[in-house]
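See below for the structure under consideration.
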Amino acid sequence: MTTTPRHRPVVPAPVDVPSGRSVHTETPAPGDPRLARLSLNQATVKRWSLTQAVDGCLRAGLPAIGLWREHVQETGLERSARLVRDAGLRVSSYCRAGFLSDPSRTDALEDNRRAIDEAAELGAPVLVMVAGGLPEGDRDLVGARERVAEGIHALAPYAAERGVRLGLEPLHPLFCADRAVLSTLGQALDLAEQFSPEVVGVVVDTYHVWWDPAVFDQIARAGAAGRITSFQVCDWITPLPVDSLLGRGMVGDGHIDARALHRAVLAAGYEGDVEWEVFNEDVWSADGDEVIATMARRHAECVL
């Protein structure tokens with residue numbers, strides 16, 4: 001009597017998302033020391049709820065998460081704080097507040113104070129501050145920057161009372177008109193240095209600073225004063241999409257030497273988490289667990 005051999009189902013070889021490139025590095029498993037400082041910024045899995053993001057971190061063995069206000073508000077502040085705390089995750093940052101460049105910014109200041117309160121409740125070590133762009137019809141860039149400085153002066157005492165550190169994030173000049181009139185790490189440091197390092201520091205985001213010829217000197221300057229509050233990574237991919245905000249890629253898919261920038265912040269004394277923040281429609285459309293697995297592999301390959 002002869003039997004027909006059973007055919008085992010073909011399991012497709014793993015690929016990185018969203019590039020579809022073949023995987024050459026085994027995904028670091030929970031407990032792998034290469035994951036010890038890796039944080040998932042919620043923007044990278046934008047379509048996941050906070051509960052899903054927390055569960056995804058736990059499955060992958062990630063120790064930290066960067067929270068976004070929209071997800072926290074959707075879940076509820078107290079529940080969000082409890083969810084992250086009970087999971088044993090660190091909060092690497094809270095995104096985002098700021099937008100202080102408008103002449104009539106009373107509402108913005110009130111919203112920033114609420115964000116500071118939320119960051120304190122969540123135990124976030126830093127509230128990421130995006131300066132804000134030029135108001136509609138305004139071309140006074142100098143004036144806009146002065147208003148941002150005035151806003152930080154108004155908020156710093158409130159943040160200090162609640163033990164929340166403000167992290168000024170310079171954005172690539174591409175976003176100067178609509179999002180951030182602070183375009184370089186040097187500009188952000190010039191403003192931050194008007195305050196105690198425990199109250200105001202700077203965010204180093206590879207996407208926004210990689211192009212700057214002075215970036216390594218400015219990272220050293222920030223580190224010498226203990227002002228690096230957060231280190232965020234992603235890649236600059238070309239061609240830019242129609243919505244330039246979504247032009248971020250997984251590290252290794254674009255043009256940024258993330259490892260060199262990581263080594264620079266480490267040499268400058270930074271001991272915090274490395275937060276992956278990727279705004280990309282294809283990443284958002286992919287399976288969240290595959291996104292995190294790609295992130296972990298690329299972290300080992302291209303950042304450490």
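What's counted below: heavy atoms across the whole structure, side chains too, no hydrogens, waters or symmetry copies. Quick caveat: nothing in here was measured; it's all calculated off a predicted structure.
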- Neighbour count above 12 (heavy atom, 6.0 Å) for E78 CD: no
- Message: Let's go through Q42 and L67 carefully: what are the C-alpha distance in whole Å and the side-chain angles of both, what is the deciding distance for side-chain contact (heavy atoms from CB on, under 4.5 Å) to 0.1 Å, and is it a yes or a no?
- Response: CA-CA 6 Å; Q42 277 189 280; L67 300 176; 3.5 Å; yes
- Query: Nearest heavy-atom pair of I237 and G254: which atoms, and what distance?
  - Reply: CG2-CA, 4.1 Å
- Query: So does E26 have more than 12 non-hydrogen atoms from other groups sitting under 6.0 Å from CD?
  - Reply: no
- What's the spacing between I65 CD1 and E275 CD if we round to 0.5 Å? 9.0 Å
- Apply the test side chain to side chain donor-acceptor pair (under 3.5 Å) to residues Q194 and H153: give CA-CA distance (whole Å), side-chain angles for both, the deciding distance (0.1 Å), then the verdict. CA-CA 9 Å; Q194 299 175 36; H153 275 276; 2.8 Å; yes
- Task: For side chain to side chain donor-acceptor pair (under 3.5 Å), just list the numbers for R37 and S92, CA-CA rounded to whole Å, side-chain angles, deciding distance to a tenth of an Å, and then say yes or no.
- Result: CA-CA 10 Å; R37 289 292 175 183; S92 53; over 6 Å; no
- Is the closest side-chain donor-acceptor distance between S101 and R145 under 3.5 Å? no
- Output every pair passing ring-ring contact (aromatic ring centres under 6.0 Å, His included) with a member in residues 243-269, not counting sequence neighbours, ordered by first then second residue. F231-H262
- Task: List the steps, then state whether side chain to side chain donor-acceptor pair (under 3.5 Å) holds for N112 with Y158.
- Result: CA-CA 10 Å; N112 274 265; Y158 191 87; over 6 Å; no
- Quick one: pull up CG in L245 and CG in D178 and give me the separation to the nearest 0.5 Å. 8.5 Å
- Are the ring centres of H71 and W48 closer than 6.0 Å? no
- R165/E198 salt bridge by N-O under 4.0 Å criterion: no
- Item | Close side-chain approach of L100 to L155, heavy-atom, < 4.5 Å | yes
- Message: Whether D86 and R79 form a salt bridge (side-chain N of Lys/Arg under 4.0 Å from carboxylate O of Asp/Glu) is what I want to check.
- Response: no
- Note on the structure: Sequence neighbours excluded, the answer for side chain to side chain contact (heavy atoms under 4.5 Å, CB included) partners of A160 is V199
- For the atom pair CG (L89) and CG (L40), what is the distance rounded to the nearest 0.5 Å? 9.5 Å
- Query: Taking it one step at a time, do W236 and H172 satisfy ring pair (Phe, Tyr, Trp, His ring centres under 6.0 Å)?
  - Reply: CA-CA 11 Å; W236 183 282; H172 189 282; 4.6 Å; yes
Show which side-chain atoms of residues 125-144 pair as donor or acceptor with protein atoms under 3.5 Å away, not counting sequence neighbours.
from, atom 1, to, atom 2, distance (Å)
D138, OD1, D140, N, 2.7
D138, OD2, R147, NH2, 3.2
D140, OD1, G143, N, 2.9

- Query: Between atom OG of S230 and atom OH of Y270, what is the distance when rounded to the nearest 0.5 Å?
  - Reply: 5.0 Å
